[in-house]
Amino acid sequence: AAGMGVQQFFLFAAISLVVAGGKSISDVNINLPVTCENCNRNIHQIEAYDGCYSWESSHPELVEVEELYDENRCSMVARLIVRATKGLKSIITVSATETSTKEVLQAKTTIGEIAELHILTKIK
């Protein structure tokens, strides 16, 4: 992005599953880049499995959660939208609560300024 210097934006999610009574969530540790005035919104999609969920952020002023619904008004997917404009040392919790069992799945989210990104691949 123009005027960003060496700062590059990326989205890194430590992809792993947390299982709680058969329910699971796609990402348990998420590192999100800060947002800037002249940039596209930083969005990360997260998914919970085996149920219908309501979503919330412990700090919606920093990371907004936008629930996405299917044709049955069931939400298994949410978008995380970064609102923070500078890095934070605190952890933001994104929770998915299964609507019938009230089981809660959580993802721990951090926001930071990214100076560089290294991508490793086994693809030749």
Side-chain angles (χ1 to χ4, degrees):
M4 294 302 297
V6 296
Q7 185 177 17
Q8 300 172 351
F9 290 100
F10 85 102
L11 181 62
F12 169 78
I15 306 297
S16 56
L17 297 176
V18 168
V19 178
K23 313 285 186 223
S24 60
I25 193 166
S26 61
D27 306 311
V28 294
N29 297 301
I30 306 167
N31 299 312
L32 298 170
V34 296
T35 194
C36 66
E37 290 180 29
N38 300 324
C39 300
N40 292 330
R41 294 189 322 172
N42 296 323
I43 297 175
H44 175 71
Q45 190 163 294
I46 188 169
E47 187 169 357
Y49 306 101
D50 194 26
C52 291
Y53 297 86
S54 61
W55 298 84
E56 67 180 331
S57 168
S58 62
H59 293 282
E61 72 282 4
L62 302 173
V63 175
E64 177 186 343
V65 178
E66 178 182 286
E67 297 177 347
L68 302 177
Y69 296 96
D70 65 14
E71 63 277 354
N72 298 317
R73 294 286 303 152
C74 177
S75 177
M76 293 176 59
V77 179
R79 289 186 184 132
L80 306 183
I81 303 167
V82 178
R83 298 286 181 215
T85 56
K86 57 184 169 183
L88 307 166
K89 293 187 184 221
S90 60
I91 295 174
I92 298 162
T93 302
V94 174
S95 300
T97 303
E98 209 286 323
T99 56
S100 62
T101 66
K102 304 302 181 206
E103 286 182 78
V104 178
L105 305 175
Q106 294 184 330
K108 302 299 181 186
T109 306
T110 57
I111 299 171
E113 294 184 20
I114 309 306
E116 65 182 86
L117 172 64
H118 297 267
I119 299 174
L120 302 175
T121 181
K122 293 184 179 183
I123 298 171
K124 295 181 181 184

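Any value given below was found using the heavy atoms of this structure, including those in side chains, with hydrogens, waters and symmetry copies removed.
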**Asked** Is the side chain of Glu98 donor-acceptor paired with the backbone N or O of Cys52 at a distance under 3.5 Å, no angle test?
**Response** yes
Without placing hydrogens or testing angles, list every side-chain donor-acceptor pair under 3.5 Å for residues 80-97, not counting sequence neighbours.
unit_1: Arg83; atom_1: NE; unit_2: Glu64; atom_2: OE1; d: 2.9
unit_1: Arg83; atom_1: NH2; unit_2: Glu64; atom_2: OE1; d: 2.3
unit_1: Thr93; atom_1: OG1; unit_2: Lys108; atom_2: NZ; d: 3.3

**Asked** Is there a chain of hydrophobic side chains (I, L, V, M, F, W, Y, each step under 4.5 Å between heavy atoms) that links Ile46 to Tyr53?
**Response** yes
**Request:** Answer yes if Met76 and Ile25 sit in the same cluster of Ile, Leu, Val, Met, Phe, Trp and Tyr residues linked by side chain heavy atoms under 4.5 Å apart, and no otherwise.
**Result:** no
**Message:** Do Glu56 and Ser54 make a side-chain contact, defined as non-hydrogen atoms from C-beta onward lying under 4.5 Å apart?
**Reply:** no
**Asked** Mind checking whether Arg79 and Leu68 have side chains closer than 4.5 Å, heavy atoms only?
**Response** yes
**Request:** State plainly whether one hydrophobic cluster holds both Val77 and Val28, where clusters connect Ile, Leu, Val, Met, Phe, Trp and Tyr through side-chain heavy atoms under 4.5 angstrom apart.
**Result:** no
**Prompt:** What's the shortest heavy-atom distance between Gln45 and Asp27, and which atoms?
**Reply:** O-OD2, 3.8 Å
**Asked** Checking side chain to side chain contact (heavy atoms under 4.5 Å, CB included) for the pair Thr101/Lys23: CA distance, chi angles, key distance, verdict?
**Response** CA-CA 10 Å; Thr101 66; Lys23 313 285 186 223; 4.2 Å; yes
**Request:** Report the distance from atom CD1 of Ile30 to atom CD1 of Ile111, rounding to the nearest 0.5 Å.
**Result:** 10.5 Å
**Message:** On a heavy-atom basis, which atom in Ser24 and which in Leu105 lie closest, and how many Å separate them?
**Reply:** O-CD1, 3.3 Å
**Request:** Return the minimal non-hydrogen interatomic distance between Ser26 and Tyr49, and the atom names on each side.
**Result:** CB-OH, 3.6 Å
